[in-house]
Each structure stands twice: as structure tokens, then as C-alpha cells.
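Okay, structure first, notes after.
Position 1 is the first residue of the sequence, and the numbers go up from there. Atoms within a ligand are numbered from 1 in the order they appear, just like the ligands themselves.
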Amino acid sequence: MSTGIKPKREHFGSKFGIIAAAAGSAVGLGNVWKFPYVTGQNGGGAFLIIYVICVILLGIPVMLSEFTIGRRGQRNVFGSFKRLAPNRPWYIVGIMGVVAAFVILAFYSAVAGWTLEYIVRSVHNSFNMQSTQQLSLSFDSFIVNPFRPVVWQLVFMLLTALIVAGGVKNGIERYSKLLMPLLLVFLVILAVRSLSLDGALKGLEFMFAPDFSKVSAKTVLFAMGQAFFSLSLGMGALITYGSYIGKNENLAKTAVSVSIADTFIALLAGVVIFPAVFAFNIEPTAGPSLVFITLPEIFSHIPFGNIFSLIFFILLAVAALTSTVSVLEVVVAYFSEELRMTRVKATIIASVAISVLGVLASLSFGVLSGYKVGGKIFFDVLDFLASNILLPLGGLLIVVFIGWYLSRKDVLEEISNSGTLKAKFFPYFLFIIKYIAPVAIAVILIYSIFFGSLG
Ligand code: PFF
């Protein structure tokens, strides 16, 4: 018999837990694997400046908007929109978020799986005495293999599912709190080592000295796509996490802390990669493989390098894991709350469905590489669809929802914890969300749709 009392929704247990979980979502392969090569391909320092502007002007306000929707809605991404805008089609944004979660997780788990292969290679000390060319060849032959990358991807999905099945506090929060500080410590150690290589300065120069001759509209598109991806915005991961944030927490402060942590770690990853890239004469624009070739090479030059590399790839896997957890949670929260399944059942169904798409993404490097859409393999199609279309589109609708649909009073009430916090920034925030963010995101979205073959 129903008592009419809804079971209490799970919440994060502490401030640090909230930041660790949200930063865990934000900090991932996007920071360590993607940011350095996107920066490399788009002119180094100039890209960096545009990226930081995107984070401040768009990233933080959009993140705050997501937290606001989630905490006010107290539901999954679909349910939150439905609750805040009853009888309106805003729930479609929620459905889009769930679709984006599928798309992202499919290609993301493929790369996350590669990190597991590299953990095993570190254990076998297989980078030792290898030339760049050998490392590069063995990476290339690994990703086209029809078997190994797929197995690792499925293992990674299983790990993700195990954490998500554990729940918000005992799964997501617990692991984030443990793993995020470790990641930071080891990145710092690696950055110090990389900076002490001969020729390291050239790498820093490339990263920090802006060359605006390389900047085009395309650069801005990539910077924004990357900012959205890196901050986990536009698809409801942070709406879902926002719904687990307690009513007394300061949402704006949380958004700023998470964005700073994410940007700082992306920069730190650049400081690990670029000095090494230049010290070893690798092209800074070498692409996605940078981290799987450059880093093993650095490790092979450090005393006890195999141990460092083992730790690094474990931590890279872990950074990816706290991100995949947040993406899977979007789907699991939706399935369990809207389709009324148990968390475990929802986790199993979501993971299996996503894995099917994921395996296709993995195989598109090898056996399925002949199947292209607009000249891109399936993996790149998913990446482009997510980073350059779904996330900005989701972000656009989220800011329009906060800026133009919800009442100013409601938004202020949520952000100021019913007036308990001063929130002096609120008029600026609202101005950005109402006018600047929608125009900026819309321009980029249109550009991306009409000149869709960028990249
Ligand atoms: N922010 C993650 C990264 O930088 O690797 C990726 C990501 C996670 C994107 C969660 C979107 C998301 F909802």
C-alpha cells in the first residue's frame, strides 16, 4: 500500500563530495586526451585564450543554469524539465540529453578502453627502449584490431555500470572523492618531469604564446565545442548531478570551483604534453594519438618509468571513469525515475544498449573504416555530433529556458537559496544568459551546421 510519501531522493553527502563528483564528470579524457591535441591543431596559445574566454563567458553561466534546473526540478534531466515546465514541450531538451548521453558514451568508452590496454602495457614494461615510431606503430595496429579494443571497451562499461549501480552516495560520490585528488597529484608529478626535459620551453611557448594568425571562425567553434565537452555541459549530466545537490549549497560557487578545476587540469595536461612533444620532436598537431604515443615516450625516459606510466594510465582511466559514470547516470536516472525501474535494472539496460553503439564506434577504426559519413568514420561522426551539435544545441535550449522561460524570481530564489545568499552577480549572470550566451551559441551552432565538414 502506498503511504503517499515519496521515498527521499538521494543527495550528495558533503561539499567536497559535490565538487569531486562534478569535477569528476568534467575532468576526463576531454582534458588530458582531447584538449592538448585540439589546442595543437588550432594554433596553441591563441586557442587557449579563446578557450578560457569561452569558459568564463559561457561555461560557468551554463553550468550554473544546469545546476539550477536540476536542483529546482529534483528529477532526472527529462523529469526536471517536465516538472519546471508542465504541459510544455521543454521535456524534449531532456530527451535530447539522454540521446546525447548515448552518443558521447559510445565513442568515449572506446578511448577509455584504450587506457586499460595501456595499463596492461605498462605492467609489461612494453614502452621501454621503443622509438617514437615503434610506439606509434603499435598504437595504430592496436586501434584497428577488431578484438582487443572492443573487449577493453566492454570492461570499461562494466566498471562504469558497477559504480552507477552503487548509487549516488555509495557509488558516484565515494569513488570521485577518492580518485580526483590522486589524479591531480600525479599530473603535477608528470608536469614537473616533463618541464625538466631539454627543449621543454619551446613547448610552453607553443602553448602560451598566442599566434593569432591561426585563428579563424573555426577556431572559435572548436574552442566552444571543447569547452562544452570538457565542462560536461549541454546534455544534462550536471542537471542530473544538480538534482543531488543539497538546498543549502552555493550553486554559483560550486560552478566556479568546478570550472576552475577543469580548466586548471586541462592546462596541466597541456604542460605535461607539449614540453614533451617539443623535446621529442613530435608534431604538436599529431592528433588524438598524442597521449598514447608521447606519454609512453616520456615514461621510457624516466627512471622507474614503467611504474609512472602504470600510475598515469590507471589515473587516466579513473578520470575517464568518473566522467563515464556521470554520462551513464543521465540515462540511469531517466530510466529509473521515468520508466520506474530499479537502479540496477536501469543500469544494466542502459549499459548494454550503449555498448552496442560503442562497439560500432570502436570497430570504425578498423574493420568498419570503409563506412564513412561526410568523409568521417563512425567514431568521428559521433564525436562531431556530440561536441559540435548536440551539446551546443542543448546548451542553447538550457540558457533560453533559464533566461526566457523560468521567471526571474524563481531563478533568483534557487540561486540565492531563497534569499539566504546575496548573489550580487545575479544581474550580470542573467544578462549573459538572456542575451550573450544564446546569440553566441546560436551563431556557432549555425556555423557548425552549415559548414558541417569542419575538423
Ligand atoms: N567532460 C568530460 C571530459 O572532458 O572528458 C566528458 C563529458 C562527460 C562530456 C560528461 C559530457 C558529459 F555529460
Hey, could you give me each pair passing side-chain hydrogen bond (donor to acceptor under 3.5 Å, both in side chains) that has a residue in residues 52-72? Not counting sequence neighbours.
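Residue pairs with at least one partner in residues 52-72: Arg71-Glu414, Arg71-Asn417, Arg72-Glu413, Arg72-Glu414.
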
My understanding is that only residues two or more places apart in sequence, or in another chain, count here; which of them pass salt bridge (Lys or Arg N to Asp or Glu O under 4.0 Å) with Asp383?
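Partners of Asp383 by the salt bridge (Lys or Arg N to Asp or Glu O under 4.0 Å) criterion, ordered by chain and then number, come out as Lys34.
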
Just jot down the salt bridge (Lys or Arg N to Asp or Glu O under 4.0 Å) partners of Lys177, sequence neighbours excluded, or say none.
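Partners of Lys177 by the salt bridge (Lys or Arg N to Asp or Glu O under 4.0 Å) criterion, ordered by chain and then number, come out as Glu173.
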
State yes or no: are the ring centers of Phe379 and Phe365 separated by less than 6.0 Å?
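Centroid distance Phe379-Phe365: below 6.0 Å, so yes.
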
Measuring centre to centre across the rings, with the benzene-like ring taken for any Trp, is Phe67 within less than 6.0 Å of Tyr241?
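No.
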
Examine distances only and state if a side-chain atom of Thr342 and a backbone atom of Lys345 form a donor-acceptor pair shorter than 3.5 Å.
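Here the side-chain-to-backbone pair exists.
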
List by chain and number: which residues place a heavy atom under 4.0 Å from ligand 1?
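Lining ligand 1 at under 4.0 Å, by heavy atoms, one finds Ser25, Ala26, Gly28, Leu29, Gly30, Asn31, Ile104, Tyr108, Phe229, Ser230, Ser232, Met235, Ala237, Ser323, Ser326, Val327.
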
